[in-house]
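Single-structure report; data block below.
So you know, we letter chains A, B, ... as the sequences are listed, proteins then strands, and number each from 1.
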Protein chains: 2
Amino acid sequence: MNDNGHILIVDDQREICDLVQEYLSGEGYRVSTAQDGTGMRKVMAQSPVDLVILDLMLPGEDGLTLARSLRQESTVGIIILTGRGEIVDRIIGLEMGADDYLPKPFHLRELLARVKSVMRRASSTAADKQSTPSRSKARFAGWNLDLSSRELFSPSGKEVRLTTGEFDLLSAFVNNANQVLTRDRLLDLARNREAGPFDRTIDVQVGRLRRKLEDDPQRPTMIKTVRGTGYIFTPPVDVN
Amino acid sequence: MNDNGHILIVDDQREICDLVQEYLSGEGYRVSTAQDGTGMRKVMAQSPVDLVILDLMLPGEDGLTLARSLRQESTVGIIILTGRGEIVDRIIGLEMGADDYLPKPFHLRELLARVKSVMRRASSTAADKQSTPSRSKARFAGWNLDLSSRELFSPSGKEVRLTTGEFDLLSAFVNNANQVLTRDRLLDLARNREAGPFDRTIDVQVGRLRRKLEDDPQRPTMIKTVRGTGYIFTPPVDVN
DNA sequence: CGTTTTGTGTAAGATTTTGTAACTATATGT
DNA sequence: ACATATAGTTACAAAATCTTACACAAAACG
């Protein structure tokens with residue numbers, strides 16, 4: 001099963017989320033779900049989304065508002081779901097920048113057709129996306145570090161809270177991946193200060209980071225020790 | 001269907017609002033409604049309006065007063081609705097700064113014609129608007145901060161009242177999003193004063209803001225602490 | 001005007017984060 | 001294998017931040 005793209009379903013009805021998720025997963029898409037605007041933002045912060053399927057009727061922030069703010073902040077595809085006969089919503093929805101709409105109830109095959117169509121269009125305009133790399137994120141070994149919001153997400157999508165010091169140190173590693181970094185250099189990068197003669201600060205902090213990042217902190221695979229010199233961050237990093 | 005603009009109908013008769021809304025929506029406009037002056041301000045605080053269709057007979061604040069205050073505060077288009085034969089009102093209305101007027105009852109087609117005409121004129125003077133970004137608003141993470149009226153709306157659209165100090169601090173953050181700000185700088189931005197040596201003012205005020213803004217004030221996602229330095233406001237902000 | 005309410009800064013205690021030091025574990029050279 | 005250097009781990013103390021309570025000031029109210 002190849003990865004056709006990442007789709008996010010935003011609907012407060014669990015059953016609909018589950019149903020659609022199951023179906024689209026079977027078609028080779030990676031599918032996330034959220035129940036409201038807040039959840040939607042969380043998912044989008046963690047990993048890039050290609051297409052949002054958005055119910056208009058949501059608790060809290062309503063779907064139209066969400067659609068508009070999505071459009072302003074990104075070039076993600078949007079398909080709007082709306083109750084039967086709410087033609088007004090349809091029109092407004094499309095005005096708000098949705099790429100397509102679908103009245104409920106709908107056939108899954110019908111949804112799939114629209115998903116495909118929007119995805120096709122989106123990929124043809126993908127060139128634009130690159131031109132606006134405003135909010136930088138770094139990805140490595142399934143992990144996701146948002147350098148603007150200072151948040152880290154594990155491969156399973158959970159947020160892992162980092163202290164200021166841990167974040168600064170990890171940033172230093174990520175921005176200088178695949179290079180051996182001395183303790184001196186790390187202290188400079190992460191703390192803007194000089195190292196004293198017996199300064200073990202970095203060692204301790206590396207230990208703390210490893211406990212949060214590594215599967216087996218005793219046998220680290222990402223932050224490796226370079227005996228006699230310092231440390232090196234080994235995973236390939238994709239910066240956004 | 002493209003977005004021809006945002007129209008706000010202010011009339012205390014629901015039927016009229018609904019009727020006009022449906023019709024104009026069908027013509028490709030985004031349409032909101034309000035029943036009185038208070039409602040009108042709420043809508044305008046939340047999203048920019050291009051044209052207000054205003055009934056002269058309203059409960060509370062009357063239409064003429066509203067029209068005048070609208071004109072003073074913005075360059076929004078105004079069409080006034082007036083009962084039959086109230087010619088005096090017509091004249092006064094136009095003097096007050098309305099762009100057009102329409103006696104009730106009216107045909108929807110007639111209204112549409114005037115809407116189009118006012119919108120056309122408005123867009124030709126749109127250049128001016130840009131040079132006068134007087135009523136600026138900021139949106140972030142679903143929240144909506146009106147910098148002119150000093151009002152804050154939550155993602156669900158509810159108003160959250162801020163004290164002067166809280167508003168000034170939030171403004172400072174919003175206008176300097178995604179940068180680490182020292183307490184000194186924040187005190188300067190928000191209070192125009194210098195920080196004393198043990199000044200914890202900003203800390204306390206940040207705490208108060210977090211209680212109003214954050215889902216979980218203990219684990220803030222918007223106003224993050226940068227230990228040893230200050231704070232950073234992390235959500236992407238779009239200013240209007 | 002006096003009274004009440006609301007907002008703001010200060011101070012003190014609680015909590016979290018960080019650095020240091022002591023001890024343990026591991027690697028390296030002989 | 002042993003000695004030694006280097007790194008990892010843990011516990012604790014110091015520093016920074018967060019929270020709460022309170023006092024005073026300003027504003028709103030009657």
Side-chain angles (χ1 to χ4, degrees), chain A residues 150 152 160-173 180-234, chain B residues 150 152 160-172 180-233:
Chain A
R150 307 174 71 93
L152 174 69
V160 173
R161 297 211 309 148
L162 295 180
T163 67
T164 307
E166 288 160 356
F167 173 83
D168 290 342
L169 181 58
L170 181 54
S171 290
F173 275 126
V180 179
L181 300 168
T182 62
R183 295 180 173 71
D184 251 14
R185 181 113 180 76
L186 283 168
L187 213 46
D188 182 37
L189 287 167
R191 301 292 147 88
N192 281 72
R193 65 178 183 124
E194 298 292 312
F198 296 103
D199 206 324
R200 307 286 310 284
T201 303
I202 290 296
D203 300 54
V204 176
Q205 205 68 306
V206 164
R208 289 177 177 143
L209 252 186
R210 279 173 173 163
R211 255 177 279 162
K212 294 191 177 181
L213 287 181
E214 303 275 4
D215 286 335
D216 180 356
Q218 318 272 5
R219 273 171 214 72
T221 62
M222 296 198 251
I223 304 177
K224 292 222 164 106
T225 304
V226 181
R227 194 185 169 86
T229 316
Y231 299 91
I232 183 171
F233 188 75
T234 62
Chain B
R150 305 175 69 90
L152 175 68
V160 172
R161 298 201 338 149
L162 293 180
T163 67
T164 313
E166 288 161 355
F167 174 83
D168 289 342
L169 181 57
L170 181 54
S171 291
V180 178
L181 300 170
T182 62
R183 295 182 172 71
D184 253 15
R185 182 116 181 73
L186 284 168
L187 213 46
D188 182 36
L189 288 168
R191 301 292 146 88
N192 282 70
R193 67 180 179 114
E194 297 291 312
F198 296 103
D199 207 323
R200 298 248 79 73
T201 302
I202 289 296
D203 301 52
V204 176
Q205 206 68 308
V206 164
R208 302 210 240 252
L209 253 185
R210 279 174 174 162
R211 254 177 281 161
K212 294 192 177 181
L213 287 181
E214 303 275 4
D215 285 337
D216 180 356
Q218 316 271 3
R219 278 176 205 70
T221 62
M222 296 199 251
I223 305 178
K224 292 229 160 109
T225 304
V226 182
R227 177 177 242 255
T229 315
Y231 299 90
I232 183 173
F233 188 74

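With dT26(C), dT17(C), dT10(C) as the choices, the nucleotide that has an atom nearest any side-chain atom of Asp199(B) turns out to be dT10(C). Of the candidate nucleotides dG8(D), dG19(C), dT28(C), dG19(C) has the atom lying nearest to any side-chain atom of Gln205(A). If you check dG19(C), dG8(D), dT16(C) against the side chain of Tyr231(A), the one that comes closest is dG8(D).
The structure places CG of Leu169(B) at 9.5 Å from CG of Leu187(B), a figure rounded to the nearest 0.5 Å. The CZ atom of Arg150(A) lies 9.5 Å from the CG atom of Leu162(A); values are rounded to the nearest 0.5 Å.
For dT6(D), neither phosphate oxygen OP1 nor OP2 lies less than 4.0 angstrom from any side-chain nitrogen or oxygen of Thr225(A). Not one side-chain nitrogen or oxygen of Thr163(B) sits closer than 4.0 Å to the OP1 or OP2 atom of dT6(C). Contact between the side-chain N/O atoms of Thr164(A) and the OP1/OP2 oxygens of dT17(C) is not found at any separation under 4.0 Å. One finds no side-chain N or O of Arg219(A) lying less than 4.0 angstrom from the OP1 or OP2 phosphate oxygen of dT26(C). The side chain of Gln218(B) places an N or O atom within less than 4.0 Å of a non-bridging phosphate oxygen (OP1 or OP2) of dT19(D).
Between Phe198(B) and Glu166(B), the residue whose closest nucleotide on DNA chain C is further toward the 5' end is Glu166(B). Comparing Val226(A) and Arg211(A) against DNA chain D, the residue whose closest nucleotide sits nearer the 5' end is Val226(A).
As rounded to whole Å, 16 Å separates atom P of dT15(C) from atom CZ of Arg227(B). The distance from atom CD of Glu214(B) to atom P of dT19(D) is 11 Å, rounded to the nearest whole Å. Following rounding to the nearest Å, Lys212(B) (NZ) and dG7(C) (P) show an atom-to-atom distance of 7 Å. When the P atom of dG8(D) is taken as reference, atom NZ of Lys224(A) falls 13 Å away, rounded to whole Å. Rounded to an integer number of Å, the gap from CZ of Arg161(A) to P of dC18(D) is 11 Å. We find that CG of Leu209(B) is positioned 13 Å from C1' of dT8(C), with the value rounded to whole Å. For Asp203(B) and dT16(C), the CG to P distance is 16 Å, given to the nearest whole Å. A straight line from CD1 of Ile202(A) to P of dT18(C) spans 12 Å, rounded to a whole angstrom.
Annotation: side chain of Leu209(A) is in contact with side chain of Leu170(A) (closest heavy-atom distance under 4.5 Å). By the 4.5 Å heavy-atom criterion applied to side chains, Arg183(A) and Thr201(A) are not counted as neighbours. Annotation: side chain of Ile232(B) is not in contact with side chain of Leu181(B) (no heavy-atom distance under 4.5 Å). The shortest side-chain heavy-atom distance between Arg185(A) and Val180(A) does not fall under the 4.5 Å cut-off.
Of all heavy-atom pairs between Asp168(B) and Ala190(B), the closest is CB-O, 3.6 Å. The two residues Glu166(A) and Arg208(A) have their closest heavy-atom pair at OE2-CB, 3.9 Å.
Applying the 3.5 Å distance criterion, the base of dA21(C) shares no donor-acceptor pair with the side chain of Arg200(A). Judged by atom type and distance alone, Arg208(B) reaches the base of dG9(C) through a side-chain donor-acceptor pair under 3.5 Å.
In the region residues 183-191 of chain A, proximity to DNA chain C at under 4.0 angstrom, judged on heavy atoms, holds for Arg191(A).
Counting any heavy atom pair closer than 4.0 Å across all strands shown, Phe167(B) reaches no nucleic acid atom. At a threshold of 4.0 angstrom between heavy atoms, the contacts of Arg210(B) are confined to the sugar-phosphate backbone, with no base atom among them. Among the atoms of the strands shown, base atoms are found under 4.0 Å from some heavy atom of Val204(B).
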